[in-house]
Amino acid sequence: MKYHFNEIEAKWRKYWEENQTFKAENQSDKPKYYVLDMFPYPSGAGLHVGHPLGYIASDIYARYKRHKGFNVLHPMGYDSFGLPAEQYAIQTGQHPAITTETNINRYREQLDRIGFSFDWSREVRTSNPDYYKWTQWIFTELFHSWYNKDTDKAEPIESLITRFTNEGNGPVNAVCDENVMLFTSEMWNAYDEEQQQKILLQYRLTYLAETEVNWCPALGTVLANDEIVNGVSERGGHPVVRKKMKQWSMRITAYAQRLLDGLNQIDWPQPLKDSQTNWIGKSVGASVKFQVSGFKFQVEVFTTRPDTIFGASFMTLAPEHELVEKITTAEQKEAVEAYIEQTAKRSERERMADVKTISGVFTGGYAEHPFSKEPIPIWIGDYVLASYGTGAVMAVPCGDERDYAFAKHFNIPIPNIFDQDISENAFTEKEEFKIVNSDFLNGLGYKEAIKKAIEALEKIGQGSGKINYRLRDAVFSRQRYWGEPFPVYYVNGLPKTIDPEHLPIQLPEVEKYLPTEDGQPPLGRADVWAWDAEKCTVVSNELADNETIFPLELNTMPGWAGSSWYLFRYMDANNNEEFARQEALDYWQNVDLYIGGSEHATGHLLYSRFWTKFLYDRGFLKVNEPFKKLINQGMILGESAFVYRLNSKQIKNPIYFSKNFIDKVVADKKSFTEYDEYERIRETLFQENRNQKGIFNFSTDFETSWQNFTAIHSHVSFVNISNELDLGAFKSWKPEFKGAHFITENNGTFKVGREVEKMSKSKYNVVNPDDICDQYGADTLRMYEMFLGPLEQAKPWNMAGITGVHSFLKKFWKLYCDDNGLVVTDSSASKDSLKTLHKTIKKVEEDIENFSFNTSVSTFMIAVNELTAQKCSSREVLEPLAILISPYAPHIAEELWSKLGHSESISTAPFPQFDASHLVESTKEYPISFNGKMRFTLEMPLDLSKEDIEKTVMAHEKTQQYLEGRTPKKVIVVPGKIVNIVG
RNA sequence: GCCUUGGUGGCGGAAUUGGUAGACGCGCUGGAUUCAAAAUCCUGUGUCCUCGGACGUGUGGGUUCGAUUCCCACCCAAGGUACCA
């Protein structure tokens, strides 16, 4: 009986589906374990071999946990809102829902072939109204919440209204907009409804605000920073302007400190935690207010170095700073305006990229030093960012490199307040200095001076200690069609949410998926998109009457909305009453193991933590972190293949050269004409181009440099393992290659160049897992992907090693079956076979716990090699071995398990128990080294004493031979490990 | 620049608390089987060499009886971040 992987795999796929083998129950006596993959966006290109890497790893872990007696939740779904489907819709008019459905079906087929143990009954799709109903619900909960700094958590907005009614906003310690006016309870109660709503909007956890965006009028859309190149849109090259737009924002900054603190209690990779820490960017310092000379107002700055306040010799404001206009003097007006205009033209990205150029303009205005009362000139400069801190800095040139450079450039004085040399550079250290020339701070060090400076500032009411975060509130509006609609309508321009019982608000139909001509988002094209507040339904726009029927929000939510809470929906995926039942939430709690790419470090993984903490605050969840343990799987890269075309205008048909040939010419630094092949090629070209005399200059084109060639992607499927191109297939691939010339090696082969790149359709380097399954089977694919290397590491895909893994599975099969069927017997196993088995149990168990799946595959290979050599056919060994391998190669394991006479699936068979007694050795092959170099080994009993080991070794003839008559200075004996003779 | 991770044969990669560097697989060498091929099996395979040995885990130091592993300095690569006051 041969190993027919195709039949076996199809059979078990069907079995698992029919028997719902992997359906998880929400009640169980078993302990729970929740294993989750980052769900994919179903793109039109389908899965490539890189996608399943993490899914295979998590599947191995999930299956292992089932063997270990856990009730495992291992679901899968789709992050199905997104841009590609919308762009396809713009081009073709096909509804994104249809594109998405098609892509999902394709993904599902591909996923099914790999034999994952997903519980598909819990599938979620973020674009499904039954799902986004709850995304909308969470949005309304955020809208109806505020952040109380005293209790350090989100609370229902009603508690805020109560406090406003009773005590005004003075005593309220909330996270809110910066420009909130103070009011008393009397004032609050006197405000009309509209005024009250406006104020509340400044406190809500999701709020409307004017946000600066990159607006592209030609495309009618907002662009992300990386969609802009040199100030114009990447697509189409249209101009982009910075524009303020009213957008929804999420007050994630309220959670900055808790998002930092929470990192200590979760088991995530350090680099990922670090990137979240940096992203949140906490800095501790002080806020200082400088009186502006001749005006009533002050400029507020944030500084991490209040100790250096006496070194401040000027101030710099961001060009966009709101006070610039007010303080600029008449003489400086022209220069300032010119500078502002010049910086506005540059995109934020450009501005950030160009760090070297120092630029700025004096405003003519002065501020007053809070202590010395000296006048301080106020400048503007684009090295100060409007979006960080207060958009203004107190410049201390002696202690900050940028201020130093700025002062040098504009000849501003650089007073030194350190007992250090600053003639060449600013002194930026925080240790080993004393402050001088600083009045009451003289003689102090860093820490004491900061403390004293803040105290003094507080005393005069011009500053206080402050913590500043780099993290910004998250913009939550997108001018797109294919996203969650907001459950929001507008009464007199003020937003109102739609009550949960009327959700979901479904995406309306539109004729085109483009923005409207007057710059409205695509939903502006919908005809039925108004809210009837009486009947509580969406109605035609024509009915809008400003009394009971109101316009609905035209923006949609960003991609991260649906992915921020999906982990909880899996717990009770088909619930129409709640986002998930309380018992289900209590039972599954949060994700025990999450596997996915590190590219989501500061997006999805941060937002998801934010929403979880919010839902926790409001009592919907009992956990405040979504993912307890997280593993980043490395990307599988493609090995692109290149052919090289000679750059020459004189030749009618292009010429492609085998890579090795060019290598040779370039390495020799000889002109191509000196090679014998030249005659052969020249003849061919002459025939073809005989009407073109210019051909004979061809030799001058071909010098000894790679620059004379253009690398062109070949599809990797035309290339074999030795990097040889199938010329026939290649020529018929695209018309441009048909008449081309291919200069081969002398043996007639044509070699391509290879380079590791990201897998992508446009680079023709995508390898489809279906092809591997056809050729070798899913079990081979699974094991090979794990065998490639450590899970976390990025690695190029190459097929070179797959035969090794495939023949391993064939060997494994042969342990159980020969041509006549099952060969497993009930006879007892040899000592050696039991030793092999238990060695394997121990290693595989350790490996799975450590996510070191590549080394388990080696361990299985060693085990099978040993058992084959031992001619082991004992059930006592082979039955547990099948369970050991089943997480990795589940199909073959199920097949052998059923051949062994089991009627139940192997998937919940108990994991074999490791028994150390099988590994006990009585002797050890001691390595005997001389001065640390191993020379020979010597077998000795393990219970031999240190002294006896030394005696035995010293008495050995080889020892004497290596010593050549010398007496050793010292003999190191580590029983059970090593003997080292020094001397 | 800063933060993080990594650097081991021709290749992917192993190596537990410092204790036989190169497991396992690919590739390659030679062989068996075959008319031949595929498949399968066996053998060898870090480099150099005077066949005794010498050298070998990015480079240079250090600690140690002993370092891929620990410490210091540096080089290189990948990823993140970037005028953050």
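Reminder, nothing fancy here: chain letters follow the sequence lines and each chain counts from 1. For the numbers below, each heavy atom of this structure counts, side chains included, while hydrogens, waters and symmetry mates do not.
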Legend entry - Nucleotide nearest A:N278 (side chain, heavy atoms from C-beta), chosen from B:C3, B:A85, B:U81: B:C3

Inset, instruction - Between protein and nucleotides 9-23 of chain B, map the contacts as a letter string: B base, S sugar-phosphate only, - none, heavy atoms under 4.0 Å, written 5' to 3'. - result: ---BSS--B-BB--B

Inset, instruction - For A:V982, report the nucleic acid contact type (base, sugar-phosphate, nothing); a contact means any heavy atom under 4.0 Å. - result: sugar-phosphate

Inset, instruction - For the side chain of A:A800, starting at C-beta, report the closest nucleotide among B:A85, B:C26, B:U4. - result: B:C26

Inset, instruction - Please determine which of A:I595, A:D267, A:I266 meets the side-chain contact (heavy atoms from CB on, under 4.5 Å) test together with A:K629. - result: A:D267

Legend entry - Touch class at under 4.0 angstrom, heavy-atom based, for A:R472 against every strand present: nothing

Legend entry - Protein-nucleotide distance (A:E599, atom CD; B:U5, atom P), rounded to Å: 19 Å

Legend entry - Given B:C83, B:U40, B:G25, the nucleotide with the shortest approach to the side chain of A:K814: B:U40

Inset, instruction - Could you check whether A:T277 gets within reach of a base, just the sugar-phosphate, or nothing at all, counting any heavy atom under 4.0 Å? - result: nothing

Legend entry - Pairing string, 5' to 3', for RNA chain B - Watson-Crick or wobble contacts under 3.5 Å, brackets [ ] where pairs cross, | to another strand: (((((((..(((......[....)))((.(((.......))).))(((....)))..(((((..]....))))))))))))....

Inset, instruction - Please tell me which of the listed nucleotides, B:U4, B:U40, B:G25, lies nearest to the side chain of A:N865? - result: B:G25

Inset, instruction - Would you please name every residue forming a side-chain hydrogen bond (donor to acceptor under 3.5 Å, both in side chains) with A:D847, sequence neighbours left out? - result: A:K843, A:T855, A:S856

Inset, instruction - Would you mind calling B:G52 syn or anti? Take O4'-C1'-N9-C4 for purines or O4'-C1'-N1-C2 for pyrimidines, and syn is within 90° of 0. - result: anti

